[in-house]
Each structure stands twice: as structure tokens, then as C-alpha cells.
Amino acid sequence: ILFEELPTHLIDALLTREDRHFYQHPGFRVPDILRAVWTNLRGQFRGGASTITQQLAGTLYADRSEITLRRKLVELWYAIQLERWLTKDEILERYLNLVYFGEGTYGIEAAAQFYTGHSARNITVAEAAMLVIQLNRPGGNSPFTHPNRARELQTVILNQMVDLGRVTEEEASRSLSRYWDNFDFT
């Protein structure tokens, strides 16, 4: 699916969840890398330091299951190269069309069809939030198998989007209510 065909609120949800500084960094963020190194040295892992560009680089050129410094350096090298050769929107398009969303779905269109029953072109704000929470724990945040966890995380993303001014509180609330009022638990 082309970047231009995706709803703005999907991109907003993705950037809220995965990489709030995406349009400002050159493929990596030194503060995030230093934070990750520091917390790992202290044995307090609190999430990765990978930007969307680094995640795409890792998906394309590294074994993301390997947790080594070498893999992180490979990701960093290729992230810099991706940023040199692609626009930010092209990076997002490739990322969204390649990444794993759980439940056997790769790419935003397959994930949207599976989780919502319709195209990614037509997803709501709440559906966008539901899709992006699948990225960090594919299958583990599924609304079908873990509806309470999924709703809680979906609400967190929607609230963060409101705080960032990417959606109004009313729109987020209405979309969330509509999502769960129409959700088929069977």
C-alpha cells in the first residue's frame, strides 16, 4: 500500500508509539542509544533504542532475534544508508509494508484486514492505535486473545495522541467507544 493512501491518524499513531522524533533524526537518536546502554548495563531493560529507520534496517539486513552489539551496529549502519537514499515517507511506507503485526500478518494491509476486516485505507483512529500496539508484542496484544490488555494499551496510545495534539479527546473517545461497542468477541 502506498504511503499517500494511508490515513494520517495511522502515521500519527505509529509515530506516537514507535518514534516521536522520526522526522527530526538522521536515522538514530544518540540520547536513546545512551539510555538503552545505561539501563542495560544496570540490568534494567526499559525498551529498545531503535528508531523506525533502525527497525526497518534490522528487518531488511539483520537477524532481529539476535541480541548483540554487532547486530545493533549493522542496524545503525544500514539505518544511516536508508536515510541517505530514501525520504522519510518512503521509509515509513517500506516499514509499514514489511513489519510483522502478529497472528501471521505481515504489512499494514494484511494486519488491517485481519484485525479490522477492512483496508488500512479506511481504519479509524482507534483501529490505528490497535494496529500499532501489535508491533512491540505481536500476538501478545491481540484484541482476540488479550482484549483487556489490548484495550488498555490502545487507550494509552490514544491518550498520548491527544496529549501530542494529533487527535482531539472527543474523537479519540468516540472512536474507542465505537471500536469496542462493535467488537466481535466470538
Side-chain angles (χ1 to χ4, degrees), residues 1-20 22 47-48 50-67 75 79 82 86 88-162 164 166-168 171-186:
I1 190 165
L2 297 174
F3 181 81
E4 298 79 30
E5 298 176 279
L6 297 170
T8 303
H9 53 260
L10 171 62
I11 302 305
D12 290 341
L14 175 65
L15 297 180
T16 298
R17 175 70 176 179
E18 293 293 320
D19 191 348
R20 292 184 186 183
F22 178 74
S50 295
T51 64
I52 286 175
T53 311
Q54 287 172 285
Q55 291 175 46
L56 177 60
T59 299
L60 293 171
Y61 304 112
D63 178 1
R64 299 240 342 134
S65 66
E66 180 184 313
I67 302 174
E75 282 181 7
L82 288 171
L86 301 173
K88 290 289 191 172
D89 292 351
E90 288 171 333
I91 290 168
L92 285 174
E93 180 179 301
R94 284 180 169 88
Y95 177 85
L96 284 167
N97 281 308
L98 288 174
V99 294
Y100 184 59
F101 284 86
E103 309 279 1
T105 61
Y106 286 86
I108 191 64
E109 184 63 18
Q113 291 288 345
F114 180 81
Y115 289 103
T116 70
H118 53 264
S119 175
R121 294 169 184 87
N122 304 317
I123 62 172
T124 66
V125 173
E127 289 169 340
M130 182 57 70
L131 290 172
V132 301
I133 66 167
Q134 304 311 312
L135 294 170
N136 76 321
R137 193 173 179 192
N141 295 329
S142 171
F144 305 117
T145 54
H146 305 286
N148 293 334
R149 180 185 313 142
R151 184 178 182 143
E152 182 180 316
L153 291 170
Q154 179 188 36
T155 302
V156 167
I157 297 302
L158 290 170
N159 288 337
Q160 290 173 347
M161 289 174 71
V162 168
L164 293 170
R166 294 183 172 170
V167 67
T168 67
E171 185 180 10
S173 177
R174 186 174 57 244
S175 186
L176 182 67
S177 293
R178 202 173 302 139
Y179 179 90
W180 289 103
D181 288 348
N182 297 314
F183 188 77
D184 183 2
F185 285 92
T186 61

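By convention here, the first residue in the shown sequence is residue 1. In what follows, every heavy atom counts, from backbone to side chain, and hydrogens, waters and symmetry copies are set aside.
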Donor-acceptor contact below 3.5 Å, side chain [X] vs main chain [Y]:
X	Y	result
Y179	M130	no
H9	A129	no
S50	Q55	no
Q54	T51	yes
T168	E171	yes
E109	A120	yes

Item to check | For L6, the option from I1, D89, L14, I123 that meets side chain to side chain contact (heavy atoms under 4.5 Å, CB included) | outcome: I1
I need the minimum non-hydrogen distance between [X] and [Y], along with the two atoms involved.
X	Y	result
A79	A57	N-CB, 3.6 Å
S142	E103	OG-OE2, 2.9 Å
L98	L60	CD1-CD2, 3.5 Å
A150	I133	O-CD1, 3.5 Å
S119	A112	C-CB, 4.0 Å
M161	V125	CE-CG1, 4.3 Å

Next on the checklist: Parallel, tilted or perpendicular, judged at 30° and 60°: which one describes the rings of Y106 and Y100?
Outcome noted: tilted
Distance in Å, [X] [atom1] paired with [Y] [atom2], rounded so as to fall on 0.5 Å steps:
X	Y	atom1	atom2	result
L15	L10	CG	CG	9.0 Å
L153	N136	CG	CG	7.5 Å
L86	E93	CG	CD	10.0 Å
E66	E75	CD	CD	9.5 Å
Q160	R166	CD	CZ	10.0 Å
I11	F3	CD1	CZ	4.5 Å

Item to check | Residue list, side-chain hydrogen bond (donor to acceptor under 3.5 Å, both in side chains) with R94, at least two apart or on another chain | outcome: none
Next on the checklist: Please determine whether side-chain contact (heavy atoms from CB on, under 4.5 Å) holds for the pair V167 and D12, giving the CA-CA distance in whole Å, both sets of side-chain angles, and the decisive distance to 0.1 Å.
Outcome noted: CA-CA 9 Å; V167 67; D12 290 341; over 6 Å; no
Item to check | Residue pairs, two or more places apart or on separate chains, that pass side-chain hydrogen bond (donor to acceptor under 3.5 Å, both in side chains) and touch residues 149-158 | outcome: Q154-W180
Checklist entry - Are the aromatic ring centres of F183 and F144 under 6.0 angstrom apart? => result yes
Do [X] and [Y] come within less than 4.5 Å of each other through their side chains, counting heavy atoms only?
X	Y	result
K88	L92	no
L96	F101	yes
L135	R17	no
T116	T124	no

Checklist entry - Got a sec, which residues hit side chain to side chain contact (heavy atoms under 4.5 Å, CB included) with Y61, two or more places apart in sequence or on another chain? => result Y78
